[in-house]
**Q** 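The structure is given below, and queries will be raised subsequently.
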There are 2 protein chains.
Amino acid sequence: MTRIAVDAMSGDRGARVAVDAALSCLAAHADLEIVLVGDEAALKTEIARHRKKAHAERASVRHAGEVVGMCESPARSLRQKKDSSMRVAINLVHGGEVQACVSAGNTGALMATARFVLKTLSGIDRPAIISPIPSQRGHTLMLDLGANAECTPEQLFQFGVMGAVLATAVHGIESPRVGLLNIGAEEIKGNLQIQQAGKLLSDSQLNYIGFVEGDDIYIGDVDVVVCDGFVGNVALKTSEGLGKLIAQFLREEFSRNALTRTAAFFALPVLKAFRLRVDPRQYNGATFVGLQGTVIKSHGDADAVAFASAINVARMEVEQRVPERIRELLAENLGE
Amino acid sequence: MTRIAVDAMSGDRGARVAVDAALSCLAAHADLEIVLVGDEAALKTEIARHRKKAHAERASVRHAGEVVGMCESPARSLRQKKDSSMRVAINLVHGGEVQACVSAGNTGALMATARFVLKTLSGIDRPAIISPIPSQRGHTLMLDLGANAECTPEQLFQFGVMGAVLATAVHGIESPRVGLLNIGAEEIKGNLQIQQAGKLLSDSQLNYIGFVEGDDIYIGDVDVVVCDGFVGNVALKTSEGLGKLIAQFLREEFSRNALTRTAAFFALPVLKAFRLRVDPRQYNGATFVGLQGTVIKSHGDADAVAFASAINVARMEVEQRVPERIRELLAENLGE
């Protein structure tokens, strides 16, 4: 039985989305139990809407009286909100009552709390944020997506190890190709930190393929792209922005006049298939990797479909024993 | 009369594209003269194809016996290829025979040669690469796109000044909004270098609007986005990669079966309008800003339409006296 805690209060959309997502995951996976964390009365009301379904019995509630705000400072929430749904959910992981937790709460607070409560794995200096990104051949895992603005070569190397483990354990890639994100102009081939990280990766047992550039993320000739959290976050946000721009341009062109609206009518099934294919909801669920425990961050604005994707990421990582496997691969590479 | 040198040999596509682009610019602008730099015989043959056109008289040829390879090291090309089309074109700017030059050659070599021959403006530590990027409301200027992997706060401030000048001079924006690219997570609000650059920008006379994130580039609430060349290059390449991915997905969905191909037939005019709107060729032509002279980099793979866009960028920057105006704005801001 896999047991997952869901922080049902911290996202932008409230408890209903979290409860609906949890219930749909329970319906799909008979060996799953979910502990919904948050205001007991509110959560019980939400669950009651599903009470006729047998799988609802595998949902339980753990009360937490506070909620961390989406813009609250991580330090403040860590210090002052010890009964927040976020904190209680992470405590459940630490206490062993559940094997993972999922939260749509604010990234900074979730990371600070997870680090404080769970601690990092031995051999890992700092946890990172990793997520799959769609590519021409499937998807590429990228880390760090924003937990560490500046990284040492050793940290970048550790990111490579963690990314490789996730690629194998969760995505079934036997010998994942690991690339280090760099820029192309000859004169300025990256900085010293990246050169040194490249050396560490070359000397390791990882399938390190060398430097990659920004466009390689979407081509799919690399399975794991390693970068610092500043660069990774900018790349991710830039992509989000461009995706929205293209969607807007398409909408505008198809609604320009009667003729283009007729074209849109004919193209609708294709446009729908296209939208489904680039639907970011299926990629929801970023892993805070490198902790002694599994913590998954859902997009704050996730709907029930997206939130369920994040819960599924947690489920798969628990089943695949990701933290343990990172520790093992790290030990091999450090020759311990 | 505006005189521009075009390095006609260094791109991926050879002299014909450069000559065709030059001739189309000459046809469009009666006050323009272009010096085509490269193998004299080859260029004269290309120009001869246009000889019946009156505007072809405003094209002249300057012989250069060597070509810098697209993958050649900047240091080597600078030291050993003193008669390259790239070097000769930049020499013409330095000698005052032309007011700007355009090259589709390799970025590192072009930047190294331009810095060596032209030197930076007083008050500018290092030149940067700047280019407009399409946004929901027009376009955003972004720099540095890859000339400087690491930047001091002072350099980032200078980028802000240069970007603001270009936004006003070339793009007609009266009080351009300048933003500093940062990441959002509260815990890790950027690094020290960015905090300090933000302070310098706040204290200046620029219309500094504070930190922006990756998605803001495409939203259009900011006119100039400042970042170091590593981050800027990753953002640019990532966008290129995502653009290609989305184009491929659209193509695949529309060619899936007879039904979707019929839909494609009806949607064709709309898809064409869409493609025209996101056509990167109209954004070709990145400025090497901060030099004592105007140097424009065309994409190596540019066709004649794209190459002509780059020549037009050069023409506009000459007309708007960009280098002089940067010197003036810098002097104002440094209180000289």
Side-chain angles (χ1 to χ4, degrees), chain A residues 71 73-74 106-109 111-112 134-136 146-150 181 183-188 190-191 213-219 227 229-231 233-246 248-250 253-254 256 259-260 262-264 266-267 269-270 273-274 277-278, chain B residues 71 73-74 106-109 111-112 134-136 146-150 181 183-188 190-191 213-219 227 229-231 233-246 248-250 253-254 256 259-260 262-264 266-267 269-270 273-274 277-278:
Chain A
C71 296
S73 108
N106 101 48
T107 308
M111 180 55 90
S135 82
Q136 290 182 22
N148 310 282
E150 286 173 283
L181 192 59
I183 61 175
E186 273 298 326
E187 188 193 9
I188 36 163
N191 49 30
E213 293 190 53
D215 47 349
D216 291 310
I217 300 167
Y218 291 100
I219 293 171
C227 59
F230 193 99
V231 170
N233 190 272
V234 167
L236 190 72
K237 289 275 176 68
T238 302
S239 297
E240 281 179 21
L242 179 58
K244 281 181 191 161
L245 179 75
I246 291 175
Q248 184 199 309
F249 280 5
L250 269 175
E253 292 305 331
F254 272 110
R256 200 168 280 285
L259 207 68
T260 60
T262 311
F266 282 102
V270 181
F274 168 73
R277 195 155 164 196
V278 293
Chain B
C71 296
S73 107
N106 101 47
T107 309
M111 180 54 93
S135 83
Q136 289 183 24
N148 311 282
E150 286 172 283
L181 192 60
I183 60 176
E186 274 299 326
E187 188 194 9
I188 37 165
N191 50 32
E213 292 191 53
D215 47 349
D216 291 310
I217 301 167
Y218 292 100
I219 293 172
C227 60
F230 194 100
V231 169
N233 190 272
V234 167
L236 189 73
K237 289 276 176 69
T238 302
S239 296
E240 282 178 20
L242 179 57
K244 282 182 190 161
L245 179 76
I246 291 175
Q248 184 199 310
F249 279 5
L250 267 175
E253 292 304 332
F254 272 111
R256 200 168 281 286
L259 208 67
T260 61
T262 310
F266 282 101
V270 183
F274 169 72
R277 195 155 164 197
V278 294

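Order of the sequence lines sets the chain letters (A, B, ...), proteins ahead of strands, with each chain counted from 1.
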**Q** Quick check: closest heavy atoms across Glu253(A) and Ala273(B), and the distance to 0.1 Å?
**A**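 What the structure gives for the nearest pair is OE1-CB, 3.4 Å.
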
**Q** Side chain, backbone, both or neither: which part of Ile246(A) has a non-hydrogen atom closer than 4.5 Å to chain B?
**A**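 For Ile246(A), heavy atoms of backbone and side chain both lie under 4.5 Å from chain B.
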
**Q** Does a side-chain heavy-atom distance below 4.5 Å link Val231(B) with Phe230(A)?
**A**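 A side-chain contact exists here, since the closest heavy-atom pair is under 4.5 Å.
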
**Q** Counting C-beta onward and ignoring hydrogens, is there a side-chain heavy-atom pair between Ile217(B) and Thr238(A) closer than 4.5 Å?
**A**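 The answer is yes, as the side chains (C-beta and beyond) meet within the 4.5 Å cut-off.
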
**Q** Do the side chains of Leu242(A) and Leu242(B) get nearer than 4.5 Å, heavy atoms only?
**A**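 Heavy-atom side-chain distance check passes, below 4.5 Å.
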
**Q** Just how far is it from atom CG of Asp215(B) to atom CG of Leu245(A), taken to the nearest 0.5 Å?
**A**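 Between Asp215(B) CG and Leu245(A) CG, I get 11.5 Å after rounding to 0.5 Å.
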
**Q** How close do Ile183(A) and Gly146(B) get, counting heavy atoms only, and between which atoms?
**A**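 What the structure gives for the nearest pair is CD1-O, 4.2 Å.
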
**Q** Which one of Gly243(A), Cys227(A), Pro269(A), Ala235(A) has the most heavy-atom pairs closer than 4.5 Å to chain B?
**A**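 If we count pairs closer than 4.5 Å to chain B, Ala235(A) comes out on top.
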
**Q** Mind checking what makes side-chain contact (heavy atoms from CB on, under 4.5 Å) contact with Phe254(A), not counting sequence neighbours?
**A**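 Testing Phe254(A) for side-chain contact (heavy atoms from CB on, under 4.5 Å), a comparison that skips the adjacent residues, returns Leu250(A), Ala263(A), Ala264(A), Ala267(A), Leu271(A), Ala267(B), Val270(B), Leu271(B).
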
**Q** If I measure from the heavy atoms of chain A, does Gln248(B) come under 4.5 Å with its side chain, its backbone, both, or neither?
**A**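 Contact with chain A: side chain only.
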
**Q** Do the non-hydrogen side-chain atoms of Lys244(A) and Ile219(B) ever get within less than 4.5 Å of each other?
**A**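 Sidechains of Ile219(B) and Lys244(A): no contact.
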
**Q** Go through the steps for Asn233(B) and Glu213(A) under the test side-chain contact (heavy atoms from CB on, under 4.5 Å), then give the verdict.
**A** CA-CA 9 Å; Asn233(B) 190 272; Glu213(A) 293 190 53; 4.2 Å; yes

**Q** Measuring heavy-atom distances to chain A, does Ser135(B) have an atom under 4.5 Å in its side chain, in its backbone, in both, or in neither?
**A**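 Interface part for Ser135(B): backbone (N, CA, C, O).
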
